[in-house]
Amino acid sequence: MTAKRTLILLRHGQSEWNELNLFTGWVDVRLTEQGKGEARRGGELLAESGILPDVLHTSLLSRAIQTADIALDAADRLWIPVKRSWRLNERHYGALQGKDKAQTLEEFGPEQFQLWRRSFDVPPPPLDDASEFSQVGDARYEGIDGEVPRTESLKLVIDRLLPYWDAEIVPDLEAGKTVLVTAHGNSLRGLVKHLEGISDDDIAGLNIPTGIPLVYELDENNAPTGPGRYLDPEAAAAGAAAVAAQGKKRLQQGVSAIRRGLVRRGRAAPAAPPRGRCPPPRRASRPSRGRRPSWRRRPRGPRTARGSGSRASRRPWRRPRPSSCRSAPSRRRWRAVRRRRHRRCGSRRRTSDPGCGGVP
Ligand SMILES: O=C(O)[C@@H](CO)OP(=O)(O)O
């Protein structure tokens, strides 16, 4: 009888760039607090279901390593052996690395966006070596066979992942170990495609949620005995839908903000004035049409001589500022204050006097 082979796939928790909706690829960003919580929950799900990993395989990217550490800690399995490989890294997103998904969708249109993001064999344009988001020269990739990628399609990811699957993961499974692979949205999509025999077209519809363990039981040929099973199916469905909607979601928010007049196309929203400061005085010009808005109406009251035709009355009425915003004391009042202070020290000098307590 062959030993039971259990494989657990875990996508890292929410990363800082997931939160910002940026294409990430090989850029080494960390987990957010939410991502750490997802990783912890992932570990708790493993412990609750009694599926405890014996060995861990991770990519060389910090977000996957952090996720594995937190999940294993929650499952009380921090001590298991660990193997790391660049072959489990996220897909290199080429020149899209560091770009906003919503803006990319808006700039290039849904067809091109989907082609770069979810097609099987179309890589985005290559990333320039001089880019701040390039991994050329990164010490962690010194030992890799071949060159650091400048861009990858899902097909290229599968091509570099399968040798690792065959050489490192399968032997652990065949030894009867429960294997945990902590990796990324696209490297795991590639592995699931291979395991479930998903077609090149259908793989476009597969999205993997962050931080929820996906469990496979494998037969003696290392083929799944059934479909993968998420340990929290409801959260997984919601998470996968959220991944699928990335780009669109922000764009939608952006579009509705534009419609509501909050943001002008291509310009940042005007910054709100800092709290506690006086708002800039409004220009009290007469509105062009219709009735004056209530805040511009003159206060009701008896008409005085001043109010009937003097220069002051012709000035457009300004809404009084709240008392907290009143300006500094007038010059006359300020002179009086200074005189009172000087009386104390007997000086008539305008400049500060060491004996008089620093009158300006
Ligand atoms: O940006 C990325 O590297 C990946 C995963 O976060 O994004 P996507 O889901 O768009 O392939």
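We count residues from 1, following the sequence as given. Counting starts at 1 for both ligands and their atoms, following the listed order.
Among residues two or more places apart in sequence or in another chain, the salt bridge (Lys or Arg N to Asp or Glu O under 4.0 Å) test is passed with Arg229 by none. Residues that satisfy the salt bridge (Lys or Arg N to Asp or Glu O under 4.0 Å) test with Arg160, not counting sequence neighbours, are Glu152. In this structure Arg118 satisfies the salt bridge (Lys or Arg N to Asp or Glu O under 4.0 Å) test with no other residue, sequence neighbours excluded.
Pocket lining of ligand 1, defined as residues with a non-hydrogen atom under 4.0 Å away: Arg11, Asn18, Leu22, Phe23, Thr24, Gly25, Glu90, Tyr93, Lys101, Arg117, Arg118, Asn186, Val243, Gln246.
Ring-centre distance between Phe113 and Phe108: not below the 6.0 Å cut-off.
Under 4.0 Å is where a charged nitrogen must lie from a carboxylate oxygen, and between Lys36 and Glu33 at least one such pair does.
Using cut-offs of 30° and 60° on the angle between ring planes, the pair His57 and Tyr164 is perpendicular.
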